[in-house]
> 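I have a structure here, written as structure tokens, and I will follow up with some questions on it.
Values in this document were obtained by computation on a predicted structure and should not be read as measured data.
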Amino acid sequence: MSEKNKLSAIEKIKLESDALRGTIQQSLQDEITGAIREGDQAVIKFHGMYQQDDRDRREERAAKKLDRLYSYMIRLRLPGGFLTADKWIAANNIAGENSTGVIKITTRQTIQLHGLIKAKIKPTIQAFNEAHLDSIATCGDINRNVSCSSNPKESPLHDKVFAYADKISTLLMPKTKAYYEIWLDEEMLIDKKVEEDPLYQDRYMPRKFKIGIAIPPNNDVDVFTNDIGLVAIIEDNELKGFNFAIGGGLSTTHGNTETYARLGTTIGFLDTEEKILKAVYEILTVQRDYGNRSDRKLARLKYTLDRMGVDEYRKEVEKRTGFEFEPARPFKITSRADRYGWEQNEKGNWYYTLFIENGRVLDDEKLALKTALLEVAKTGKTNFLFTSNQNMIISDVAPEDKDLINQLLEQFKIIEHTEAASSIRKNSIACVALPTCPLALAEAQRYMPLLLSKVEPLLQKYELENEQIVMRMTGCPNGCARPYAAEIGLVGTATGRYNLHLGGDNGGERLNRLFKESLDEAQILSELDQLFASFKEERISTESFGDYTWRKQLAVAQ
Amino acid sequence: MLGESKFKIFLDLINNSAKEELIWMNGYLNGVVQAQSKQSPAAETDGEPLVNKITIVYGTETGNSKRLATDFATKAKHKHIHAKVIGMDQYRLTDLPKEEYLLAVISTHGEGEPPIAAKKFYDHIHQNGFKLEKLKYSVLALGDTSYPLYCKTGEEVDEQLNKLGGIRIAPLQKCDVEYDDDANGWFNGVLEKLSNKKPVVTIEVAPSIPIPAVAKKVGKQSYTGSVLSKINLNDYGSNKETWHIEIAAEGVVYQCGDSIGIVPENPTGVVEEIIAVTGADRDRIVKFKNEEFTIYDFLKYKINIIHLTERLVKQYGEITRQDIPATRMNLLDLLKIYPVKDAVEFEEVILKMNAISPRLYTIASSPAAHDGEIHIVAVKDSYIVNGQTQFGLCTDYLSRLNNECSQKFFVQPNKRFKLPAADKDIIMVGPGTGIAAFRSFLAERDATGASGRNWLFFGDQHFATDFLYQTEIQNWYETGVLTKVNLAFSRDQKEKIYVQHKMLKHAPELYDWLEKGGYFFVCGKKDPMSVDVENTLLRIIEQQGNKTSEEAKKYLEHLEDEGRYEKDVY
Ligand code: SRM
Ligand SMILES: Cc1cc2nc3c(=O)[nH]c(=O)nc-3n(C[C@H](O)[C@H](O)[C@H](O)COP(=O)(O)OP(=O)(O)OC[C@H]3O[C@@H](n4cnc5c(N)ncnc54)[C@H](O)[C@@H]3O)c2cc1C
Ligand SMILES: Cc1cc2nc3c(=O)[nH]c(=O)nc-3n(C[C@H](O)[C@H](O)[C@H](O)COP(=O)(O)O)c2cc1C
Ligand code: SF4
């Protein structure tokens, strides 16, 4: 990059945004375009939205002398991915009226609506607000949705741990009232003091910031891919506290060797709530003050950490908190899979985890998923939880209501659908990519299902269909479906071409490595065919596919 | 009067000069003469740039290149250089050989690939088989050093244009993510080279030059042009089909505000059926107003066979001695229900028919911006006869035209509906196909750098699918050619919103423009649009100028007398 020390354009926009107001109001008035002004495109991210356009329609519209078909994606703030039934109903209706109708469950346990046109943004946010939902700080250079192990069966202490996701999310909210002023028509602030923000000041974070909480032995949230990963330490059925792992982050840029995926480094353990929240807070302030603000590609905490050195960073945090981290406690992770089907927690309540391919909730000729979930919600006898594998848990079903819900799930073939899905499908995720994602170089969620249908026979061929292999695909190297933490990772490089990564472990404590570059479908399939064959031959006892490919050092020198 | 030697030099010069050069010299001399006669001081002080017309093309994915291109254009204007800004996806590749001064701003994407929108342009210049003799150019490449193939596309474009015979005005400039300083540096460099002064000459040079004989002809001048391109401007999901049609016609002479007339052909299917049901001899020659046709050609190209007038239907009854209720009918239906006795009677019938009447289309192009071309925009007309949807004869015909096929048309001048002097403000109300006249006006004012303010009111059904010429209108707005744009999309919200509602919303400013001598133009559907617009205009004059409705009417009549309220409605 040129002029290392110069602030990046986005930094200027943040500083001049008048606490995230920018010129959004004017942008909404511009009649001749469906887009908003350039600076505002960065600003509305902090309000939970992205400007996008239908990339499938670009060329044809240009020929018709029509501008791009601009629309907006909105992402809700749902700490720990929890939603009550009536909120789901609200989301369902809003999606129907204002967006494409598809509800997208993301890899960080929340939902997104796509295709809102400029004029529909305000009505949408107001409708969400009536349902006590908001999209504040779900995007932008700020702390994002805090994710948390979703399966209540994981531990009787799930509620306790879950409560932390909420507290942290609240602790790290921005102070600006811009969201209320712009979208909810609240009075303009006279006394700007109210907005003074000791954490974010007027520059916010140098880059997005992510926090995840895992409850061993399950690591469904991929805790080590977060800027701060909290691992719950549970000893003799008590929550002792959390191990802190910092500096996780996956994104890389093709051909830019300065960028790399990284798993969090554990810097210690803390017990009391007060200490835990304080430490989280100061880890942010250190990144805020030391993070790179001139080159956004090198601005995430992981780069700050490697530049300062882990000890230096920890010491700086301890200096600010006034206490030291204790040595990390031992824990064991065994998987990242969701526990499909019915499960009962220690309080006797029932939970049904259903498989939702790539988190896309809609009705199609095969399955009336959206209608089914609406019916379930209408009973008013459940809550909903989203998992980081883009699935959903119908939660908190009292024993006496289980039959009713089960009946609905039977009726709409949800149970059949979930049970029929192969285990590789159930362990796979893909990012959004085309047509909405502006950064996509290749297809992902539209293509993954088709590819899997061709991979499944290969597994059967070698009687490997019951292996719990984690396979993930993204349309570009940003890693939204965490492909670098998969046993089989496919990273889009160009239309129809993907880099094949191998060797991640089942629990997400090891990154995979690049194996072959820019493969087309035929090449992907023949590579996998050979790999499965040799795995079948050479695997040691119950060794996982990821561990096998790692042991065999299957990777190109990088 | 010139001495021998001078005269020879003069002749040589003329003989070795292209038409454009001659036109330029002519204008230049005019200027010099005028400058001397009233030895205008302006000549020394301010001056016209050596080059006063450039084209800036951009290839963008995320908008940076476009932003720069439009900024440059505005800068150029201040230096009295008129810059046409156009996206590579909009750019007509056949114009490339005509370009003299071309600036390309293009980014690199994917892994060293051109932006999707620039792909066609990029591929085109990578074919050989053509030369760009006239071309002088320079390339600004946007990129990001963190990619291995830094500014690859820009490099390739620069190299190709050179291979094709282009001469570099300034060397290739690559820019990293923080591109502003480098980009502006480059453009200032280019401006330097382009704007060495020459003495002021009267602008409007080109128009004022009598071009070939045709120009002298008066009244309706017919031409045979060839269809360059044809686009349906509406996107998927629209209720409409609005065709933008470009026709090349060398030496065609017209002015903004004129229309062209097109005589449609009858549908072959219907003609064949007529011949079938009457058993007529298709090749038999018939004489009509001392012109000769075969029966087939006569039915296909000459006479109107659709929706015959009651008079003609009555006449048909008389000839065939059948009594037919007074009504309008298509010839084919008549022939089916009330057959003719024989071929002779059939001939008698058709020879009494009317010729197909020409349909008029307001010209949507401008002489200064689209030399040697006529553009029109026609919305496919449809109507329902006993439950069946039928399409308008001419618009259906136009929607089937193929590229390169030749098309006859004549120019229908419109004396009153004319662009005023360059410094006058104009308000243009042109919903739907009414935009035609104003695309012509704006293109002309853009190309000639007219100083007057321009305010457009446009409307249609849906923003997403029916915003005719959206990208062009956006460009004119971004480059300041359009001062104000207000839009009314009737079906994007519960209550209907039309252009007149937008006029009301901006009443004070609209009245202020009129008071300051502004011109008011309306183009498009007569009913109800132009009526509602006129009533609204009266209301605005009443309210803003607190006048009685009588006084308001007077005010409007006064505007009309001064030619400041003009309509092209149908
Ligand atoms: C929806 C989601 C993928 C999905 O299919 O679920 C997603 C979708 C997008 N991500 Fe992501 N990211 C999503 C999880 C992730 C993850 C996984 C995670 O956090 O567990 C990562 C990798 C972890 C990390 O952050 O390192 C991730 C790393 C990125 C990056 C690279 C960030 C970086 O450090 O460079 C970008 C690009 C950027 O920010 O410049 C990005 C950008 C985007 C954008 C907003 C594209 C854009 O910037 O315009 C995508 C919107 C596509 C669309 O049309 O919806 N997304 N993104 C996930 C939403 C999570 C959420 O609810 O907040
Ligand atoms: C000065 C001027 C400028 C114009 N500029 C434009 C322009 O820029 N763009 C544009 O699109 N148009 C323009 N028009 C209108 C254009 O000239 C045509 O009138 C229009 O395109 C319809 O022609 P058509 O042959 O397609 O339809 P026609 O076949 O002429 O039909 C027109 C109407 O006649 C009736 N009709 C025809 N046949 C039958 C039948 N068999 N039974 C019942 N009813 C029938 C229907 O109501 C139908 O809608 C302009 C007109 C004028 C006078
Ligand atoms: C997906 C993607 C791929 C890119 N690839 C390249 C590249 O290969 N080489 C390069 O120099 N720049 C590359 N860039 C950087 C762009 O060229 C740079 O951002 C430029 O300013 C974009 O200009 P535009 O907005 O006009 O498209 C890439 C950018 C994106 C988003
Ligand atoms: S990984 Fe890339 S393509 Fe996929 S959603 Fe994220 S940014 Fe878009």
Side-chain angles (χ1 to χ4, degrees), chain A residues 1-4 6-10 12 30-35 38 41 51 53-71 115 117-120 123 252-259 294-298 438-442 476 492-495 497 517-518, chain B residues 61-64 67 87-90 109-113 115-117 119-120 144-150 175-182 229 231-236 242 244 456 458 463-474 476-478 482 484-489 492-493 502:
Chain A
M1 298 286 153
S2 59
E3 300 161 75
K4 279 270 177 285
K6 198 168 149 202
L7 284 186
S8 72
I10 302 286
K12 295 193 201 78
D30 294 340
E31 289 181 47
I32 62 169
T33 171
E38 206 206 348
Q41 293 170 23
Q51 176 178 304
D53 75 290
D54 185 340
R55 294 175 57 183
D56 292 345
R57 306 280 311 121
R58 277 184 189 178
E59 254 177 298
E60 212 175 325
R61 282 180 64 91
K64 290 171 173 293
K65 302 176 186 287
L66 285 166
D67 196 359
R68 289 175 177 182
L69 190 51
Y70 288 107
S71 70
I117 60 161
K118 192 158 84 173
K120 292 277 198 229
T252 68
T253 302
H254 287 314
N256 180 346
T257 47
E258 284 182 278
T259 65
S294 64
D295 181 352
R296 293 185 61 79
K297 288 208 162 56
L298 306 175
L439 308 180
L441 304 172
C476 89
T493 58
T495 318
R497 300 205 163 264
E517 285 183 294
S518 304
Chain B
E61 190 70 45
T62 52
N64 299 342
R67 208 167 310 112
M88 289 181 175
D89 50 358
Q90 303 289 327
H109 277 269
E111 294 180 310
E113 293 138 31
I116 296 168
K119 192 88 175 60
K120 282 207 198 71
D144 179 338
T145 40
S146 66
Y147 286 87
L149 300 169
Y150 177 54
C175 307
D176 203 345
V177 186
E178 302 287 333
Y179 49 73
D180 284 329
D181 304 353
D182 292 343
S229 73
I231 314 160
N232 174 4
L233 296 174
N234 300 105
D235 200 6
Y236 286 154
T242 313
H244 167 80
L456 175 69
F458 173 77
F463 174 86
T465 57
D466 309 328
F467 191 166
L468 309 181
Y469 302 108
Q470 180 181 23
T471 49
E472 294 184 0
I473 290 170
Q474 288 175 332
W476 282 320
Y477 187 67
E478 281 159 15
L482 266 170
K484 280 177 75 70
V485 187
N486 291 104
L487 305 168
F489 291 97
D492 279 347
Q493 61 285 310
K502 289 297 186 144

> Checking B:Thr465 against chain A: side chain, backbone, both or neither under 4.5 Å from a heavy atom?
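Interface part for B:Thr465: backbone (N, CA, C, O).
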
> With a 4.5 angstrom heavy-atom cut-off, could you sort out which part of B:Glu113 is near chain A: side chain, backbone, both or neither?
neither

> Of the listed residues (A:Arg68, A:Glu59, A:Glu38), which shares the most heavy-atom pairs with chain B below a 4.5 Å separation?
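Between A:Arg68, A:Glu59, A:Glu38, the count favours A:Glu38.
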
> Specify the closest pair of heavy atoms between B:Gln474 and A:Asp67, including all atoms of both residues, with the distance to one decimal.
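Closest approach of B:Gln474 to A:Asp67: NE2-OD2, 2.9 Å.
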
> Looking at A:Glu31 and B:Lys502, does any basic side-chain N land under 4.0 Å from a carboxylate oxygen?
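Yes, this pair counts.
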
> Could you state the interatomic distance from NZ (A:Lys65) to CD1 (B:Ile231), rounded to the nearest 0.5 Å?
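Reported to 0.5 Å precision, the distance equals 5.0 Å.
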
> Do you know which two heavy atoms are closest between B:Glu178 and A:Leu7, and how far apart they sit?
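What the structure gives for the nearest pair is OE2-O, 4.3 Å.
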
> Go through the atoms of A:Ile32 and report whether side chain, backbone, both or neither lie under 4.5 Å from a heavy atom of chain B.
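Both parts, backbone and side chain.
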
> Atom CD in A:Glu60, atom OH in B:Tyr236: separation rounded to 0.5 Å?
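A:Glu60 CD to B:Tyr236 OH: 4.0 Å, rounded to 0.5 Å.
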
> Which atoms of B:Lys120 come close to chain A, meaning under 4.5 Å heavy atom to heavy atom: side chain ones, backbone ones, both, or neither?
side chain

> For A:Leu66, which atoms come within 4.5 Å of any heavy atom of chain B: side chain, backbone, both, or neither?
both

> Let me confirm one number: the OG1-CZ distance from A:Thr33 to B:Phe467, rounded to the nearest 0.5 Å.
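Between A:Thr33 OG1 and B:Phe467 CZ, I get 9.0 Å after rounding to 0.5 Å.
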
> Distance from B:Asn232 atom CG to A:Lys64 atom NZ, nearest 0.5 Å?
4.0 Å

> Heavy-atom distances under 4.5 Å only: say whether B:Asn486 touches chain A with side chain, backbone, both or neither.
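Contact with chain A: backbone and side chain both.
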
> For B:Tyr469, does the OH atom have more than 12 heavy-atom neighbours from other residues, nucleotides or ligands under 6.0 Å away?
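Counting neighbours around OH of B:Tyr469, more than 12 heavy atoms of other residues, nucleotides or ligands fall under 6.0 Å, so yes.
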
> In terms of heavy-atom proximity below 4.5 Å to chain B, should A:Ala62 be classed as side chain, backbone, both, or neither?
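Both the backbone and the side chain of A:Ala62 come within 4.5 Å of chain B.
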
> Who among B:Gln493, B:Lys119, B:His244, B:Glu61 has the most heavy-atom pairs with chain A under 4.5 Å?
B:Glu61

> Applying the side chain to side chain donor-acceptor pair (under 3.5 Å) test to A:Arg61, which of B:Asp235, B:Thr471, B:Asp89 qualifies?
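Of the listed residues B:Asp235, B:Thr471, B:Asp89, the side chain to side chain donor-acceptor pair (under 3.5 Å) partner of A:Arg61 is B:Asp235.
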
> Between B:His109 and chain A, with a heavy-atom cut-off of 4.5 Å, which part of the residue counts as in contact: side chain, backbone, both or neither?
neither

> Heavy atoms only: give me the nearest B:Ala464-A:Leu69 pair and the separation to one decimal.
CB-CD1, 4.0 Å

